2 protein chains.
Amino acid sequence: MTIKDIARLSGCGVATVSRVLNNHPDVSEKTRCKVMAVVEEHGFQPNNNAKHLKQQVGTGIAILVKGSQNMLFADLVERIQVLLRDNDRDATVYYLDEDANEVTNAIQLCRERKPVGILFLGGNLEYFRASFRHVKVPCVLLTNSARELDFENLSSLTTNDEAAAFQAIDYLAGRGHRKIGVLGGNWSSSQISYRRLQGCQRAFEQWGLSFDLERQTEPSRYSMADAYEAAKRLLERCPELTAIFAMSDVMAIGVIRALRDLGKRVPEDISVMGYDGISIARYSVPRLTTICQDTRQLAEQGVKVLLDSIEGEGRPVHKVVPFRMLDGESVAQCVNKVERGRSK
Amino acid sequence: MTIKDIARLSGCGVATVSRVLNNHPDVSEKTRCKVMAVVEEHGFQPNNNAKHLKQQVGTGIAILVKGSQNMLFADLVERIQVLLRDNDRDATVYYLDEDANEVTNAIQLCRERKPVGILFLGGNLEYFRASFRHVKVPCVLLTNSARELDFENLSSLTTNDEAAAFQAIDYLAGRGHRKIGVLGGNWSSSQISYRRLQGCQRAFEQWGLSFDLERQTEPSRYSMADAYEAAKRLLERCPELTAIFAMSDVMAIGVIRALRDLGKRVPEDISVMGYDGISIARYSVPRLTTICQDTRQLAEQGVKVLLDSIEGEGRPVHKVVPFRMLDGESVAQCVNKVERGRSK
DNA sequence: CGGGCAGCTGGAATCGTTTCCAGTCAATTG
DNA sequence: CAATTGACTGGAAACGATTCCAGCTGCCCG
């Protein structure tokens, strides 16, 4: 069933049918009805390949997601999909392994599909530097800043990771914690983790707390399983900790489980601070005290920026969306006076 | 940059270039190299619209997901995407609201996109009866059986919900629980919930336990927030319960949170049984005792069945994949002798 | 009455591929 | 040496839409 058949059946030319289908103004009401009747009757749908071939555009948008365990991203992806659909766009999601090597692969796929725009969740700047040179379509990086790259087609939206991490540590220190462990991604390969770490360090300095990077931190993937193991390693090496800052809520869940398996209570024996503010934070036991990223804004603005870029609206933008602290039950006032007295 | 340019630059015909690009055998090694060199140099990618237009096929697969809160589906979607990618297919995910009205909308989109196959997670048979009449491409329904529909193009893969729910209740009853609440979807609109409910009822009968459908059950969406509220309503109405069976782990998390907020300990005061076996089950506090669906098999077999159908391999199939009980800490032996003594 | 114009229509060119088919060239064979 | 083969090759016709452009009305006005 093609446009030609419709033309034949409705007794007019293909051009007219096309005009009806695309709501062009200069076609008489009578003809429009006649054509629509035939179209309805046969449930005709124009062939998108032919359409896009002629129009020289795709409509599809690619969503690249790095680290599928990340529930924040799952939330974002869903919001984004809905928003795009409201704008008559549809999106293909590509999940990338947290390990880097699959990325070029995904970009390859992405280029084959010729999306008209790309949303990248959690990507590293290195990927862009290395592989996005030849990507010409507009691109929005979410939860990471690409300000320093200033590519012609690359915008970015992020939480102020440094400030958020600062506040997390500040919050813990303000409750008396002096020995705080930090669990996050690989500092050297992930800007996001690195910036959060910097925020931590600034807070430690400001409070005059010593911070031994080697001892008090432990790299981990952003998954419960990895964080579980990492927390055990960390606590074995550094048993004097009274609080742990996990750089994602999913990790925090793993950490809490690990602590309980070690016979420690949260928050009575040790406090845990999360990051992200995923929905489970409000339902877990104990409820997570966490840094809450604004997924609604990230999604809405991300989509808006991308669509604007696709429409050809000027220069890339690099925005920072606000975060807020979400109080839970996983952080307690530090009362281990005995411990602190004994140490040193 | 088109295939014609490549032809001109490499000094041969378009047909030859096309053959090189598609790895056809009858092209000399020399020509192949020459063409590939030009292709590499310019980073040429053939236009998929033209390709698919000519080949009369899309390669895309649509994944329809009903109820985005469902983490089991999130897990499945990711596995499926990876599997499809390994088979050189790419997929577009459409999230549907748990409310029905959006479905036709999605089907509309689906038809515009002309996917070559559809994977439907958690769909109701009514959707198919109503809206899938005209969908001609192969379709696989996951986590629900479509055996009774016997559409030409509709396969299905599911866990034996009835047996699984039976085992859940049987497990609880076997640990001394006599008053068990059930939290699930809307029995009348969701076959999945209904079959699980039937399994429950069979178990109650077999143990000779009374079961008041109105009092002891509470419908809820498959989300933490809804289950939280539903559990509170249920317990207010029916305070003598010693165990609650939640028809998804996500719901179980909400239930546990609600119970704690009511001052009840899990599992000491009241036991909670989940369903799905999502990864968080092993990390939550307490660890969930739950029915574990085999997501690996669901994904692998689902993809296999769909791809086979696309290749045109005969009749639709309706398979049942095994489940298993995952022991956690959210169910305890019922020792409320006082309670039981007092009642009646 | 004829020229001009507006409103509508349909033929045909176009988009970038794939693939059929006819053609070239060199090697092999009777 | 001519004929037959086989391995390659390139021109051109699809695929199904959009859109330019030319044509056909009917109408108004001078």
Side-chain angles (χ1 to χ4, degrees), chain A residues 1-40 42-60 88 90 108-109 111-116 136-137, chain B residues 1-39 42-60 88 90 109 111-116 136-137:
Chain A
M1 181 61 61
T2 78
I3 206 175
K4 252 180 197 155
D5 298 311
I6 302 296
R8 190 167 36 74
L9 289 168
S10 62
C12 53
V14 288
T16 307
V17 175
S18 175
R19 275 184 284 252
V20 170
L21 257 24
N22 294 282
N23 287 315
H24 282 240
D26 47 359
V27 45
S28 73
E29 202 49 44
K30 205 172 57 179
T31 326
R32 185 181 299 277
C33 292
K34 203 168 53 179
V35 172
M36 282 313 285
V38 180
V39 168
E40 299 286 341
H42 292 80
F44 169 76
Q45 287 292 132
N47 180 313
N48 261 340
N49 291 129
K51 185 174 194 148
H52 293 151
L53 169 58
K54 177 60 186 173
Q55 290 180 159
Q56 299 290 59
V57 290
T59 57
D88 287 319
D90 61 351
Q108 182 65 18
L109 268 156
R111 286 172 65 194
E112 272 176 33
R113 265 292 207 116
K114 289 215 197 309
V116 69
K136 289 296 172 228
V137 295
Chain B
M1 181 63 62
T2 78
I3 207 176
K4 250 179 197 155
D5 299 310
I6 302 295
R8 189 168 38 74
L9 289 168
S10 62
C12 53
V14 288
T16 307
V17 175
S18 176
R19 275 184 285 253
V20 170
L21 257 23
N22 294 283
N23 287 317
H24 282 238
D26 47 0
V27 45
S28 74
E29 201 50 43
K30 205 171 56 180
T31 327
R32 184 180 299 278
C33 291
K34 204 169 50 181
V35 172
M36 282 313 285
V38 180
V39 168
H42 292 80
F44 169 76
Q45 287 292 132
N47 180 313
N48 260 341
N49 290 320
K51 185 174 193 149
H52 292 146
L53 170 58
K54 180 61 189 174
Q55 289 179 159
Q56 297 292 63
V57 289
T59 56
D88 287 320
D90 62 352
L109 268 156
R111 284 173 65 195
E112 273 177 31
R113 264 293 207 115
K114 290 213 195 309
V116 68
K136 289 297 171 225
V137 296

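Given the structure is predicted, the values throughout are model-derived calculations rather than measurements. Sequence lines set the chain letters: A, B, ... in the order given, protein chains first and strands last, and positions in each chain run from 1.
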Inset, instruction - Taking only the side-chain nitrogens and oxygens of B/Ser28, find out if one of them lies under 4.0 Å from OP1 or OP2 of D/dT9. - result: yes

Distance from [X] atom [atom1] to [Y] atom [atom2], nearest 0.5 Å?
X: A/Ser18; Y: A/Lys51; atom1: OG; atom2: NZ; result: 8.0 Å
X: B/Asn48; Y: A/His52; atom1: CG; atom2: NE2; result: 12.5 Å
X: A/Phe44; Y: A/Leu9; atom1: CZ; atom2: CG; result: 11.0 Å
X: A/Thr16; Y: A/Lys34; atom1: OG1; atom2: NZ; result: 9.0 Å
X: B/Lys54; Y: A/Leu53; atom1: NZ; atom2: CG; result: 12.5 Å

Inset, instruction - Determine, step by step, whether A/Val35 and A/Ile6 satisfy the side chain to side chain contact (heavy atoms under 4.5 Å, CB included) criterion, reporting the C-alpha distance in whole Å, the side-chain angles of both residues, the deciding distance to 0.1 Å, and the verdict. - result: CA-CA 7 Å; A/Val35 172; A/Ile6 302 296; 4.2 Å; yes

Atom [atom1] of [X] and atom [atom2] of [N]: how far apart are they, to the nearest Å?
X: A/Lys30; N: C/dT9; atom1: NZ; atom2: C1'; answer: 12 Å
X: A/Asp26; N: D/dC20; atom1: CG; atom2: C1'; answer: 12 Å
X: A/Ile6; N: D/dG16; atom1: CD1; atom2: C1'; answer: 12 Å

Inset, instruction - Evaluate the side chain to side chain contact (heavy atoms under 4.5 Å, CB included) criterion for residues B/Thr31 and B/Val20: first the C-alpha distance (whole Å), next the side-chain angles of each, then the deciding distance (0.1 Å), finally the verdict. - result: CA-CA 8 Å; B/Thr31 327; B/Val20 170; 5.6 Å; no

Legend entry - Note, B/Pro46 side chain near B/Ile3 side chain (heavy atom, < 4.5 Å): no

Please tabulate, one pair per line, each protein N/O and nucleotide N/O from nucleotides 12-22 of chain C that are separated by under 3.5 Å, including the distance.
from   : atom 1 : to      : atom 2 : distance (Å)
C/dT14 : O2     : A/Lys54 : NZ     : 2.9
C/dC15 : O3'    : A/Gln56 : OE1    : 3.4
C/dC15 : O3'    : A/Gln56 : NE2    : 3.0
C/dG16 : OP1    : A/Gln56 : NE2    : 3.1
C/dT17 : OP1    : B/Asn47 : N      : 3.1
C/dT17 : OP2    : B/Ile3  : N      : 2.6
C/dT17 : O5'    : B/Asn47 : N      : 3.4
C/dT18 : OP1    : B/Asn22 : OD1    : 3.3
C/dT18 : OP1    : B/Asn22 : ND2    : 2.9
C/dT18 : OP2    : B/Ser18 : OG     : 2.5
C/dT18 : OP2    : B/Asn22 : ND2    : 3.3

Legend entry - Rounded (10°) bend between the five-pair end axes of the helix from C/dC1-D/dG30 to C/dG30-D/dC1: 60°

